[in-house]
Structures are given as structure tokens and as C-alpha cells.
Amino acid sequence: LDDAVEKIGADIMRWMYAKQNPVENLKFSYNNAEEVKRKLLTLFNVIEFFTTYVLREQYPVKEEDTESKNLLDAWILSRLNNVIAGVSKSLDEYNAAQATAAIEDFFINDLSLWYVRRSRKRFQKPQSKEETQEAAQTLWRVLVTLLKLIAPIMPFFAEENYGRLRAKEMPESVHLFDWPKAQEKRINEKLEKQMQSVRKIVAMGLAERANAGIKVRQPLQKLK
């Protein structure tokens, strides 16, 4: 065990064990650990993206609720609060596997693959200062909340990355926060269903591209 911790890190092992369904045996291997590490790297890369394109002086002065007119922002905040509610329920029922799976699915599929990819221009080539501020505030809030959710399972990862995102008037440690509470006013089921339909259309379009041998970077004149 000590050798494994030394080689792959304690937090990765904690996440791997927390994700495991207790009714099944866990066959430990370094290959499995590397797969877990690869998935967690997705969250680290999103944090890296944020710290690359948002200057330290643009960070919020303190943690506060902010409004955004952007639909992507409203959608990701709705998804986040649904995740908070689901993870809280799972942990209350001692179902760590379900909780960690929900968090992981959120930061890979919702946050990284969809929200960040479709928000890149707002960070890299913003059309206005307001656009940058809304995007930065939203992504910052999502990341800080995610670190609170994973802190009981991966305390070192959460603490180190919280230090990179910490606003001036916030606690010195992520472990000094209360557990996040879902904000029902932020949950928009209609918007989530609409976005799910859009994502399905995009997936179908990508599948047709693949069948036709058309590269993703090649613009299409039309799609029907």
C-alpha cells in the first residue's frame, strides 16, 4: 500500500476506492489507477485553463452570488446545483460510489467537454469586458464548488487547487467551508432538457461527419 501511495498518490487511490461499488471486488492495478488519474486530469486542466486566461486581479473579491445573461452560464449553474443535490443525497445514504460517479461525470461531460469548449472565445477573444466577467465569475464559482464537493475524498487535491482560486475574503482552507447547499432557484429543468437535445443533435452530426470522412475542423456549409 505504501508503495502504491508513493507511486500514484494517496488522493488518486482515495478517489478510485470511493468510486468502487462495495458489492464488487476491486482488482487493484497501476493501469486502473492511471485511468483514474487521466480522468481527474480533466478537472485539473479546466482549472489550468481558468488560471491561464483569467488574471489574478480579475478573481472575485469574495464568494458571492452573481447573475449572468448567458444561457451557457445558466445551464452549467443549473447542472451544478442538481449535482450538489444528488451528491448530498448519495453521501447521506453512505453511497460514495454514486456520489463520486456523479461528480466525475459532471466535470468531464458537462464542464469540460461542453461548457468550456463552447466558452473558449469568451475567455480567449471576448467581445466585451462584461462577457469576460460573466464567464470568469461562472467558471470560478463552478470550480470552487467542485473542490468543496471533492474535498472529503481528495483533501490534498482540493486544498492545493483551492489555493489557486481563493478570493481575498474567503477562508484560508477549503476544509473550513460548510458543505454546499443546492440553490433551487438556479435549477432550470427546461433549459437542461433543451441543452440535452442540442447535445444530441451535435453528437448525431459528429457521427455523420465520421461516416462521411469529414474532419471535425472542416467547416460545413449546411447540416440537415
Side-chain angles (χ1 to χ4, degrees), residues 38-84 103-147 149 161-167 183 185-210 212-224:
R38 184 185 64 79
K39 290 181 177 180
L40 291 172
L41 191 60
T42 301
L43 177 56
F44 178 82
N45 287 339
V46 174
I47 297 172
E48 194 74 14
F49 173 84
F50 178 86
T51 57
T52 298
Y53 290 102
V54 180
L55 301 175
R56 192 79 193 189
E57 53 265 29
Q58 294 177 305
Y59 286 19
V61 177
K62 59 182 179 179
E63 191 178 26
E64 57 186 11
D65 205 8
T66 54
E67 294 291 337
S68 173
K69 301 174 185 176
N70 187 282
L71 277 179
L72 268 175
D73 292 343
W75 170 76
I76 197 66
L77 289 174
S78 177
R79 288 292 303 120
L80 175 67
N81 281 280
N82 260 325
V83 168
I84 293 172
I103 296 171
E104 188 175 281
D105 179 70
F106 173 77
F107 69 68
I108 291 177
N109 294 309
D110 292 333
L111 185 61
S112 177
L113 291 180
W114 192 253
Y115 178 79
V116 172
R117 287 192 179 186
R118 272 131 201 93
S119 299
R120 284 185 180 275
K121 289 184 179 179
R122 300 166 66 201
F123 289 93
Q124 298 169 337
K125 297 179 181 179
Q127 296 182 353
S128 66
K129 185 177 180 180
E130 181 183 8
E131 184 180 55
T132 305
Q133 186 176 6
E134 286 182 346
Q137 288 273 359
T138 301
L139 183 52
W140 179 87
R141 171 170 289 279
V142 172
L143 290 173
V144 170
T145 304
L146 272 175
L147 293 176
L149 291 176
N161 287 286
Y162 171 72
R164 302 172 66 192
L165 301 173
R166 177 176 170 263
Q183 296 177 294
K185 67 176 183 178
R186 289 289 192 186
I187 298 176
N188 187 333
E189 299 291 357
K190 181 180 179 181
L191 177 59
E192 288 193 35
K193 289 180 180 179
Q194 290 174 334
M195 193 67 78
Q196 189 175 12
S197 297
V198 171
R199 296 177 72 175
K200 184 177 180 180
I201 292 170
V202 170
M204 293 169 65
L206 290 172
E208 290 301 317
R209 272 180 175 271
I214 302 173
K215 295 182 179 179
V216 176
R217 293 183 179 273
Q218 183 177 341
L220 299 177
Q221 290 184 341
K222 62 182 179 179
L223 173 69
K224 66 178 181 178

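Just so you know, these numbers use all the heavy atoms, side chains as well, and skip hydrogens, waters and symmetry mates. The shown structure was predicted, so the numbers you read here are calculated from the model rather than taken from an experiment.
In terms of modelled atom types and a separation under 3.5 Å, the side chain of Arg56 and the main chain of Arg164 share a donor-acceptor contact. Under a 3.5 Å cut-off, the side chain of Ser78 and the backbone N or O of Ala74 do not form any donor-acceptor pair. Here the side chain of Thr42 pairs a donor or acceptor atom with the backbone of Lys39 at under 3.5 angstrom. When atom types are taken as modelled, the side chain of Arg209 and the backbone of Gln218 share a donor-acceptor pair closer than 3.5 angstrom. Although no hydrogens or angles enter the test, the distance criterion places no donor-acceptor pair under 3.5 Å between the side chain of Trp75 and the main chain of Leu191.
Rounded to the nearest 0.5 Å, atoms CD1 (Ile76) and OG (Ser119) are 8.5 Å apart. Between the CD atom in Glu48 and the CG atom in Asn161 there is a gap of 9.0 Å [rounded to 0.5 Å]. Separating the CE atom in Met195 from the CZ atom in Arg118 is a distance of 9.5 Å, to the nearest 0.5 Å. For the atom pair Thr138 OG1 and Leu80 CG, the distance stands at 10.5 Å (nearest 0.5 Å).
Listed by chain and number, the residues in a salt bridge (charged side-chain N to carboxylate O under 4.0 Å, His left out) with Lys121 amount to none (sequence neighbours excluded). For Phe49, the ring pair (Phe, Tyr, Trp, His ring centres under 6.0 Å) partners two or more places apart in sequence, or in a different chain, are Tyr53, Phe123. With sequence neighbours excluded, the residues satisfying side-chain hydrogen bond (donor to acceptor under 3.5 Å, both in side chains) with Arg38 are Glu35. By the side-chain hydrogen bond (donor to acceptor under 3.5 Å, both in side chains) test, Gln194 pairs with no residue at all, sequence neighbours left out. Applying the salt bridge (charged side-chain N to carboxylate O under 4.0 Å, His left out) criterion to Glu208, with sequence neighbours excluded, gives no partner residue.
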- Check against side chain to side chain contact (heavy atoms under 4.5 Å, CB included), Leu146 and Leu111: CA-CA 11 Å; Leu146 272 175; Leu111 185 61; 3.8 Å; yes

- What's the verdict on side chain to side chain contact (heavy atoms under 4.5 Å, CB included) for Leu77 and Asn188, showing C-alpha distance, side-chain angles and the deciding distance? CA-CA 9 Å; Leu77 289 174; Asn188 187 333; over 6 Å; no

- Message: Would Phe107 and Leu40 count as a side chain to side chain contact (heavy atoms under 4.5 Å, CB included) here? Give the steps.
- Response: CA-CA 9 Å; Phe107 69 68; Leu40 291 172; 4.0 Å; yes

- Take Val46 and Leu139 through the side chain to side chain contact (heavy atoms under 4.5 Å, CB included) test and state the conclusion after the steps. CA-CA 9 Å; Val46 174; Leu139 183 52; 4.1 Å; yes

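Taking the side chain as every heavy atom from C-beta outward, Leu143 and Phe50 approach each other to under 4.5 Å. Taking the side chain as every heavy atom from C-beta outward, Lys185 and Asn81 never approach each other to under 4.5 Å. Phe106 places none of its side-chain heavy atoms less than 4.5 Å from the side chain of Ile84. The shortest side-chain heavy-atom distance between Ile47 and Tyr162 does not fall under the 4.5 Å cut-off.
Each side chain to side chain donor-acceptor pair (under 3.5 Å) pair with one or both residues in residues 103-116, not counting sequence neighbours, appears once here: Trp15-Glu104, Lys19-Glu104, Asp73-Tyr115, Arg79-Asp110, Asp105-Asn109, Asp110-Arg199.
The shortest heavy-atom contact between Ile187 and Glu192 is CG2-OE2, 4.5 Å. The two residues Asn82 and Glu189 make their nearest non-hydrogen contact at ND2-OE2, 3.6 Å.
Atom CD of Gln127 has 12 or fewer neighbouring heavy atoms from other residues, nucleotides or ligands inside a 6.0 Å radius.
In summary, Lys125 and Glu131 do not engage in a salt bridge, as defined by a charged side-chain N under 4.0 Å from a carboxylate O.
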